[in-house]
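One structure is given here, and the rest of the page talks about it.
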Amino acid sequence: MNLKQDKVTDLATAVKTYIKDGCHISIGGFTINRNPMAAVYEIIRQRVKNIHLYAHSNGQGVDELIGGGSISNLEIAYGGSGKFAATCIRFRKAVQENLVTVEDYTNYQMTLRFLAGSMGIPFLPTRSSLGTDIINKWGFSHKMRGDSPKLPDSKLVEMDNPFKGWCDVEKVVLVPAINPDVTIIHVQQADRRGNCRIQGLTFADVEQAKSAEHVIVTCEELCDNEVLKRDSHQNQIPFIHIDAVVHLPYGAYPTACYKYYDYDPRYLKDYAEKAKDDISYGKYLDSMIYGCPDHAELIKKIGQEQMSRISADPETGYAKNLDRR
Amino acid sequence: MDYTLKEMMTIMAAREIRNSDIVFCGTGISMLAAMAAKNINAPESVIFFETGAIDSRLEEIPLAVGDSRVMYQTSANGGLLDAFATMQNKVTGKHVIGILGAAQVDKFGNLNSTVIGDYNSPSIRFSGSGGGCDVASFVPRSIIFMQHEKRKFVNRLDYLTSPGYLDGPGGRKRAGLPDGGPVMLITNLAVMRFDDITKEMYLSAFYPGVSPVDILEKMEFKVDISRATEATPPTEEELWLLREKCDHQRLIL
């Protein structure tokens with residue numbers, strides 16, 4: 001736990017300090033919204049390898065981490081980026097070519113697993129997936145589980161309701177807790193101590209943050225410590241969970257950040273096109289990630305004109321009438 | 001009246017949605033069906049998303065369930081835990097209708113949206129469950145959208161992602177699931193339903209110009225076609241509302 005009054009740092013330092021080869025991480029956001037993309041790009045840029053990634057439906061961020069070669073193991077519920085990629089393209093390719101080892105859960109199960117981790121308990125029960133292959137088919141073998149102290153011995157465990165039919169339930173599935181080494185989230189506002197204010201949907205960011213050993217927060221706006229203490233009913237994560245705060249405007253780009261900017265349909269469509277082929281994807285990595293020393297440089301490359309097109313309308317929180325075809 | 005197959009499919013689903021339903025939407029056509037129902041036949045129905053948005057004011061079509069458009073003027077913005085609780089809540093859960101899609105379906109309405117081939121070394125990888133298996137596990141009624149192709153209507157799924165009626169009558173209960181399962185399956189050719197007793201899929205309605213025999217040829221397993229009637233195409237009013245009120249930007253249609 002880090003109680004410092006000022007945890008502000010730069011992204012390169014935060015990633016270098018906490019994201020190590022082989023570490024277990026989770027990232028916030030959902031499909032094409034509020035993924036911590038600047039941090040994802042920095043992880044790729046620093047060529048961190050063999051990461052074990054926990055995801056529910058973190059679409060774009062997951063696909064780019066896989067495409068950038070940083071992921072070896074993946075626990076996931078959904079690899080898709082909405083209309084831009086019904087199945088994330090580098091994810092699909094990596095699984096089909098056995099470049100990553102993947103294990104499937106449901107969105108609710110992954111959320112419960114983070115919640116259990118945040119509560120310090122070993123598992124939580126649900127009825128989701130009874131009778132399905134999500135229980136029967138494992139991505140991680142007994143041996144792999146036995147070899148890693150960070151993995152539970154079993155994937156999911158079925159159990160009779162120990163309260164004997166209470167709530168008309170006969171059976172439950174126990175889902176094991178997740179405690180990532182690091183969770184990275186992008187939020188609208190944070191203060192220098194790390195108090196976080198998310199606008200719109202929180203997805204599973206709160207559970208993901210609280211289940212991790214360390215948390216890196218990137219934020220659109222960095223506020224003084226007194227500011228978020230006013231109207232604190234709007235805050236979701238208190239500073240006691242946070243280790244590093246990075247002020248990073250457009251830190252979720254090219255995914256959306258409600259009330260700040262929309263996703264960039266042009267970027268995402270272009271990405272989907274280039275992701276189909278290894279050579280064009282290599283060029284994408286060279287020009288958009290390795291070719292930019294930091295996220296500000298990527299935003300500069302995209303240009304003011306496009307950034308103002310995706311700028312959020314203050315009332316609706318998204319870019320009205322944006323060309324999304 | 002000219003209409004596209006996509007419009008036909010959307011309207012078939014919209015007509016199944018009732019005023020007291022809380023509609024769980026996925027991406028694409030399922031979202032459009034929920035918006036169509038709200039604009040046409042079930043104005044009191046409530047749209048909600050697994051991301052935690054409930055009763056969104058959808059002025060533009062979201063391109064993903066995490067799109068900021070689902071967050072605008074909701075009744076409450078929460079997170080995934082809230083959404084999945086709504087489906088299981090003893091009061092609200094029984095009103096939830098799920099809309100799902102998949103790569104494969106079997107005769108009992110079980111769905112595969114994970115892999116083709118061996119799970120540990122698949123020839124084709126799909127997105128995976130997302131919230132699909134959760135919804136299919138929890139809610140009393142669901143609608144499935146599929147393309148009608150032989151490789152999709154299979155005797156045996158490569159991977160069972162989301163439960164329908166599992167192995168038939170009593171299957172869900174034996175597995176420990178609550179009552180529920182798909183009530184209809186909408187394709188580009190027909191509407192299928194599930195028999196009350198056998199839980200097996202049967203042909204309920206075929207689209208104008210499509211013959212029941214053509215439909216059977218596009219499935220690995222046989223279904224009962226004796227109850228089939230011709231589907232009623234979208235009316236002029238339904239089409240107008242769908243095109244102008246739901247997808248005026250033509251993002252899905």
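Every heavy atom of this structure was used, including side-chain atoms; hydrogens, water molecules and symmetry mates were not. Proteins come first, then strands; the chains are lettered A, B, ... in the order of their sequence lines, and each starts at number 1.
- Within the 4.5 angstrom heavy-atom criterion, only side-chain atoms of E50(B), from C-beta onward, approach chain A.
- Looking at I124(B), the atoms closer than 4.5 Å to chain A (heavy atoms on both sides) sit in the backbone and in the side chain alike.
- Considering only heavy-atom pairs separated by less than 4.5 Å from chain A, the leading option among G66(B), P163(B), G128(B) is G66(B).
- Of the two parts of V206(A), neither the backbone nor the side chain holds a non-hydrogen atom closer than 4.5 Å to a non-hydrogen atom of chain B.
- The structure places CG of L80(B) at 9.5 Å from OG1 of T106(A), a figure rounded to the nearest 0.5 Å.
- R324(A) places a side-chain N or O within 3.5 Å of a backbone atom of I61(B) that can act as its donor or acceptor partner.
- With chain B as the partner, the residue from V102(A), I32(A), V169(A) showing the most heavy-atom pairs under 4.5 Å is V102(A).
- At a 4.5 Å heavy-atom cutoff, V115(B) makes no contact with chain A through either its backbone or its side chain.
- Residues of residues 134-143 of chain A lying under 4.5 angstrom from chain B, judged on non-hydrogen atoms, are I134(A), K137(A), W138(A), G139(A) by number.
- No other option in T27(B), V135(B), L251(B) has as many heavy-atom pairs under 4.5 Å with chain A as L251(B).
- Both the backbone and the side chain of Y159(B) come within contact range of chain A, judged by heavy atoms closer than 4.5 Å.
- In this structure, the portion of Y119(B) lying under 4.5 Å from any heavy atom of chain A is its side chain and not its backbone.
- Residues K90(B) and D168(A) are not paired through a salt bridge, judged by the lack of any N-O separation under 4.0 Å between the basic side chain and the carboxylate.
- Each of T114(B), L157(B), L160(B) was evaluated against T132(A); a single residue qualifies, L160(B), per the side-chain contact (heavy atoms from CB on, under 4.5 Å) test.
- Most heavy-atom pairs under 4.5 Å with chain A, from the set G78(B), G79(B), S113(B): that is G78(B).
- Between chain A and the residues S68(B), G26(B), G28(B), the most heavy-atom pairs under 4.5 angstrom are made by S68(B).
- Taking every heavy atom of both residues into account, F203(A) and M71(B) meet most closely at CZ-CE, 3.6 Å.
- Note: D67(B) leads D82(B), D67(B), N110(B), T74(B) in heavy-atom pairs under 4.5 Å with chain A.
- Side chains of L115(A) and L81(B) form a contact here, defined as non-hydrogen atoms less than 4.5 Å apart.
- Proximity of a side-chain donor or acceptor of S127(B) to a complementary backbone N or O of T87(A) within less than 3.5 Å is not detected.
- Interatomic distance, C133(B) SG to Y105(A) OH, rounded to the nearest 0.5 Å: 13.0 Å.
- Listed by chain and number, the residues in a side chain to side chain donor-acceptor pair (under 3.5 Å) with K93(A) are E97(A) (sequence neighbours excluded).
- Annotation for N107(A) and G131(B): closest pair ND2-N, 3.3 Å, computed over non-hydrogen atoms.
- Heavy atoms of Q96(A) lying under 4.5 Å from chain B belong to its backbone as well as its side chain.
- Heavy-atom pairs under 4.5 Å with chain B were tallied for S57(A), A256(A), G79(A); the largest tally goes to G79(A).
- Contact count versus chain A (heavy atoms, under 4.5 Å) is highest, among R69(B), R172(B), M87(B), for R69(B).
- Of all residues spanning residues 173-189 of chain B, those with a heavy atom less than 4.5 Å away from chain A's heavy atoms are R174(B), A175(B), G176(B), L177(B), P178(B), arranged by number.
- Below 4.5 Å, heavy atoms of chain A meet no heavy atom from residues 95-106 of chain B.
- Heavy-atom distances place both the backbone and the side chain of S129(B) under 4.5 Å from chain A.
- Using a 4.5 Å cut-off between heavy atoms, T255(A) makes no contact with chain B at all.
- Here CG of N77(B) is found 8.5 Å from OG1 of T202(A). Values are rounded to the nearest 0.5 Å.
- Only the backbone of D158(B) has a heavy atom closer than 4.5 Å to any heavy atom of chain A.
- Judged by distance alone, with hydrogens and angles left aside, the side-chain atoms of S137(B) form a donor-acceptor pair with the main-chain N or O of S129(A) at under 3.5 Å.
- In this structure, the portion of S123(B) lying under 4.5 Å from any heavy atom of chain A is its backbone and not its side chain.
- Heavy atoms closer than 4.5 Å to chain B are found in the side chain of N98(A), but not in its backbone.
- For chain A, the nearby part of L166(B) is the side chain; its heavy atoms alone come within less than 4.5 Å.
- Between F84(B) and Y108(A), the angle of the ring planes lies from 30° to 60°, which puts this pair in the tilted group.
- For the pair E60(B) (side chain) and K320(A) (backbone), a donor-acceptor distance under 3.5 Å is absent.
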